[in-house]
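The structure appears below as structure tokens.
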Amino acid sequence: LASIVQAETSELSEAPVVAGLYLNRLNKGMPLQADPTLIFALNDPTIRRVLDVHKTVDSPYNTYMHTGLPPGPIRYVDPRYLLAVLSPTKHDYLYMCAEPGLTGTHRFAASYREHLRNARAYQKWLNTQRIYR
């Protein structure tokens, strides 16, 4: 999990929040739906925008298709991210979306409705930057 959290956010102060979100999903039996695991499964670090077609990859690292954790880490883990997973922030978040503007941070949501609003804002920003893949 720490490797996924680290791949998800480069902002160390956000790592305990991201860890808490993924732990909330695991505790509810929800798939992690972590984009970094798809990029790892596809072995294509150039992907900047995960598309629905990427979510169909046949891999145990596809956390959109498979619940629980993947079979192993997706990268070397900085020990500070291990600490974030061991001391996650307690909250009700189940969803996150990257903050528009490539800030390296996320907008978090407890409801799917709120998540969709955040996702639309991010997708709109990606379109203005002509990032389609």
Side-chain angles (χ1 to χ4, degrees):
L1 181 58
S3 70
I4 298 169
V5 172
Q6 184 174 343
E8 191 69 62
T9 183
S10 59
E11 186 61 45
L12 189 58
S13 64
E14 189 179 69
V17 180
V18 174
L21 182 147
Y22 284 135
L23 289 167
N24 287 346
R25 286 179 154 260
L26 287 169
N27 289 333
K28 289 186 174 287
M30 295 174 67
L32 291 181
Q33 297 183 332
D35 291 355
T37 63
L38 289 178
I39 293 167
F40 178 82
L42 292 162
N43 194 28
D44 187 353
T46 66
I47 295 171
R48 296 177 61 200
R49 184 176 191 162
V50 171
L51 305 172
D52 285 341
V53 68
H54 298 131
K55 297 173 186 175
T56 63
V57 64
D58 183 19
S59 169
Y61 286 88
N62 184 342
T63 57
Y64 281 82
M65 294 178 112
H66 305 287
T67 57
L69 293 171
I74 61 170
R75 65 182 300 164
Y76 172 79
V77 180
D78 179 318
R80 296 173 296 175
Y81 285 85
L82 289 169
L83 293 174
V85 171
L86 293 172
S87 299
T89 303
K90 304 276 191 247
H91 54 65
D92 295 330
Y93 299 142
L94 292 172
Y95 306 97
M96 69 180 152
C97 184
E99 183 75 37
L102 291 180
T103 65
T105 60
H106 295 80
R107 292 182 182 176
F108 297 93
S111 74
Y112 189 62
R113 174 180 274 171
E114 185 180 1
H115 170 65
L116 289 177
R117 186 171 45 247
N118 293 339
R120 279 191 294 274
Y122 183 63
Q123 291 162 357
K124 181 178 177 183
W125 179 83
L126 287 172
N127 291 340
T128 64
Q129 301 302 304
R130 299 178 189 259
I131 299 172
Y132 303 114
R133 180 190 180 284

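Residue indices begin at 1 and follow the sequence shown. In what follows, every heavy atom counts, from backbone to side chain, and hydrogens, waters and symmetry copies are set aside.
Between Trp125 and Tyr122, the ring planes lie parallel to each other; the angle is under 30°, not in the 30° to 60° tilted range. Ring planes of His91 and Phe108: tilted class, angle from 30 to 60°.
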Tell me, with the steps shown, if Gln123 and Arg49 meet side chain to side chain contact (heavy atoms under 4.5 Å, CB included). CA-CA 9 Å; Gln123 291 162 357; Arg49 184 176 191 162; 3.7 Å; yes
How far apart are the C-alpha atoms of Leu32 and Ile4, what are their side-chain angles, what is the distance that settles it, and do they pass the side chain to side chain contact (heavy atoms under 4.5 Å, CB included) test? CA-CA 10 Å; Leu32 291 181; Ile4 298 169; 4.0 Å; yes
Apply the test side-chain hydrogen bond (donor to acceptor under 3.5 Å, both in side chains) to residues Thr105 and Glu14: give CA-CA distance (whole Å), side-chain angles for both, the deciding distance (0.1 Å), then the verdict. CA-CA 7 Å; Thr105 60; Glu14 189 179 69; 4.6 Å; no
With side chain to side chain contact (heavy atoms under 4.5 Å, CB included) as the test, would you mind laying out the steps for Asp35 and Tyr64 before giving the verdict? CA-CA 8 Å; Asp35 291 355; Tyr64 281 82; 2.4 Å; yes
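A chain of hydrophobic side-chain contacts below 4.5 Å, direct or via other Ile, Leu, Val, Met, Phe, Trp or Tyr residues, connects Leu23 to Val77. Tyr61 and Val57 fall into different hydrophobic clusters, where Ile, Leu, Val, Met, Phe, Trp and Tyr residues are linked whenever their side-chain heavy atoms come under 4.5 Å apart, directly or through other members. Linking Ile, Leu, Val, Met, Phe, Trp and Tyr whenever their side-chain heavy atoms come within less than 4.5 Å puts Met30 and Tyr112 in one cluster. Leu21 and Leu1 fall within the same hydrophobic cluster, where Ile, Leu, Val, Met, Phe, Trp and Tyr residues are linked whenever their side-chain heavy atoms come under 4.5 Å apart, directly or through other members. Val18 and Leu83 fall into different hydrophobic clusters, where Ile, Leu, Val, Met, Phe, Trp and Tyr are joined by side-chain heavy atoms under 4.5 Å apart, directly or via other members.
Although no hydrogens or angles enter the test, the distance criterion places a donor-acceptor pair under 3.5 Å between the side chain of Arg25 and the main chain of Leu94. Listed for the Asn118 side chain is no donor-acceptor partner under 3.5 Å among the backbone atoms of Cys97.
The OG1 atom of Thr46 sits 9.0 Å away from the CD1 atom of Ile39 when rounded to the nearest 0.5 Å. Rounding to the nearest 0.5 Å gives a distance of 9.0 Å between CG of Leu38 and OG1 of Thr56. Remark: Arg130 CZ to Thr128 OG1 distance equals 9.5 Å, nearest 0.5 Å. Here the OH-NZ distance, from Tyr93 to Lys90, works out to 15.0 Å after rounding to the nearest 0.5 Å. We find the CZ-OG distance between Phe40 and Ser3 to be 8.0 Å, quoted to the nearest 0.5 Å.
Shown here for Ser59 and Ala41, the closest heavy-atom pair between the two residues is OG-CB, 3.5 Å. Annotation for Asp78 and Gln6: closest pair N-OE1, 2.8 Å, computed over non-hydrogen atoms.
The shortest side-chain heavy-atom distance between Pro70 and Pro60 does not fall under the 4.5 Å cut-off. Contact check for Leu69 versus Tyr22: no side-chain heavy atoms found under the 4.5 Å cut-off. Proximity of Lys55 to Asp52: side-chain heavy atoms (C-beta onward) are separated by under 4.5 Å at one or more points. Contact annotation: the side chain of Arg48 approaches that of Leu102 to within less than 4.5 Å [non-hydrogen atoms, C-beta and beyond]. Side-chain atoms of Arg107 and Met96, non-hydrogen and from C-beta on, never get closer than 4.5 Å to each other.
With a 6.0 Å radius and a threshold of 12 heavy atoms from other residues, nucleotides or ligands, Lys124 has its NZ atom at or below the threshold.
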